[in-house]
Number of protein chains: 2
Amino acid sequence: MTTQPATGYDLAQRFGKSISNAWHAGHSQIYPELARLQEAGMVEVVSEGARRSRTYAVTDGGREELRRWMTETEAARTQRSETGVRWFLLAVIEPEDRRIALEQELAFMRLEAERLQATADALDALPGRHPFRATVDLGLRVNAVMTDWLGEQHEAVALDRR
Amino acid sequence: MTTQPATGYDLAQRFGKSISNAWHAGHSQIYPELARLQEAGMVEVVSEGARRSRTYAVTDGGREELRRWMTETEAARTQRSETGVRWFLLAVIEPEDRRIALEQELAFMRLEAERLQATADALDALPGRHPFRATVDLGLRVNAVMTDWLGEQHEAVALDRR
DNA sequence: GCCATCATGTAATTAGTTACATGATTAG
DNA sequence: CTAATCATGTAACTAATTACATGATGGC
């Protein structure tokens with residue numbers, strides 16, 4: 001929405017794609033939040049379309065608040081990732097179970113890499129350099145490191161079983 | 001607690017260290033949860049110490065439930081990381097603000113690397129190979145990739161300004 | 001004796017998820 | 001005409017955070 005106006009529905013779709021690796025929100029959270037942001041003057045309705053859809057855009061006030069948040073506030077570094085917890089706990093289960101869990105995680109990471117590559121290709125096909133291209137590239141690099149690690153763990157279990 | 005018994009207080013400390021990169025929980029969430037797990041037969045009190053502390057251990061039932069969860073359930077892949085959101089949004093702010101934000105993130109990532117290295121060294125100093133050593137290693141590798149990326153972005157801003 | 005840290009809890013609030021609900025438009 | 005998708009909302013519930021609260025022990 002910061003780069004271009006969007007409807008609540010658009011945002012919900014986007015949380016299932018581009019930004020989903022960092023945050024997720026369902027439509028039932030998005031709509032009330034948009035109303036709240038509008039109330040606070042951070043966003044405004046720029047057009048109303050078919051199916052009673054409203055397209056929101058960030059206001060100058062909203063952009064200033066974003067700038068202030070990015071440069072002047074301390075980031076909350078707490079995270080929550082079930083995937084991370086699972087990888088952490090790989091160490092405490094039996095090798096046979098670990099092998100099963102590792103294969104699931106490897107399959108997921110490979111799908112994830114495909115999805116990221118598809119996003120990268122789609123962004124590259126657009127005219128000009130898309131602002132989010134760099135972040136997608138980071139995702140690909142991190143994915144590669146993680147996939148390597150999972151592969152090593154998997155190999156270690158195999159050696160263990162000999 | 002899966003590797004060795006611990007008190008609620010221990011767990012709270014641990015969420016501030018080893019596992020904090022994947023999940024976080026405060027003591028006000030931990031104590032009621034321990035009571036709930038005990039009720040469900042997943043953990044049991046193995047000893048009571050000074051200052052009315054209770055040390056919990058995972059039961060066979062709890063271990064079996066963990067095994068089942070790790071191997072038989074579909075992982076929830078939704079994540080939430082404010083750091084991730086900030087990096088994503090780096091693309092939409094002005095170069096001057098981006099420079100400021102990037103420097104904050106670089107500083108944080110470097111601290112994070114130190115913290116991880118210290119954890120790795122501490123685990124290596126223990127007799128035998130600690131089960132969580134591999135996960136810490138993953139953290140270090142991911143951190144390195146992320147720090148590189150932040151550095152590149154920072155360089156790009158500098159070039160932009162010439 | 002007193003301060004830091006260990007150790008545990010509960011209450012109030014806010015954030016987030018899941019379920020329920022409805023209507024409009026478009027493609028086949 | 002009908003099924004899929006677009007589009008928006010609310011209600012009920014669960015998870016998580018913040019604030020409030022208390023007491024024990026050990027080191028100085």
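Keep in mind it's a predicted model, so treat the numbers as computed, not measured.
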Taking only N and O in the side chain of Arg36(A), is any of them less than 4.0 Å away from OP1 or OP2 of dT14(C)?
no

For atom CD of Glu82(A) and atom C1' of dT17(C), their distance in whole Å
14 Å

Classify the angle between the aromatic ring planes of Trp87(A) and Trp149(A) as parallel (below 30°), tilted (30 to 60°) or perpendicular (above 60°).
parallel

Rounded distance (Å) that lies between atom C1' of dT8(C) and atom CD of Gln38(B)
14 Å

Please give, in whole Å, the distance from dA15(D) P to Ile30(B) CD1?
15 Å

Arg51(A) side chain: which of dC6(D), dT5(C), dT17(C) is closest?
dC6(D)

Any donor-acceptor pair under 3.5 Å between the side chain of Ser28(B) and the base of dT18(D)?
yes

5'-most contact on DNA chain C (nearest-nucleotide basis), Trp23(A) vs Asp10(B), goes to Asp10(B)

Between dA16(D), dA19(D), dG16(C), which one does the side chain of Gln29(A) approach most closely?
dG16(C)

Within the distance-only criterion (no hydrogens, no angle test), does the side chain of Thr55(B) pair as donor or acceptor with the backbone N or O of Val46(B) below 3.5 angstrom?
no

Could you tell me how the ring of Tyr31(A) sits relative to the ring of His27(A): parallel (under 30°), tilted (30 to 60°) or perpendicular (over 60°)?
perpendicular

Is Ser53(B) side chain donor-acceptor paired with the dT8(C) base, going by distance under 3.5 Å alone?
no

Which whole-number value in Å describes the distance from Gln13(A) CD to dT8(D) C1'?
13 Å

With hydrophobic residues grouped by side-chain heavy-atom distances under 4.5 Å, do Leu159(A) and Ile100(A) end up in a single group?
no

May I have the distance from Leu34(A) (atom CG) to dG9(D) (atom P), rounded to whole angstrom?
9 Å

Between Arg54(A) and dG9(D), is there a contact of a side-chain N or O with OP1 or OP2 at under 4.0 Å?
yes

Rounded to whole Å, the CD-P distance (Glu33(A) to dT14(C)) equals 13 Å

Look at Tyr9(A) and dT8(D) and indicate whether a side-chain polar atom (N or O) is within less than 4.0 Å of OP1 or OP2.
no

Hey, mind stepping through His24(B) and Gln79(A) against side-chain hydrogen bond (donor to acceptor under 3.5 Å, both in side chains) and telling me if it holds?
CA-CA 7 Å; His24(B) 179 267; Gln79(A) 309 200 6; over 6 Å; no

Among dA16(D), dA19(C), dT22(C), which is the nearest nucleotide to the side chain of Arg52(A)?
dT22(C)

Regarding the side chain of His27(B), the nearest nucleotide among dT10(D), dT8(C), dT25(C) is dT8(C)

Within the pair Tyr31(B) and dG9(C), is there a side-chain N or O less than 4.0 Å away from OP1 or OP2?
no

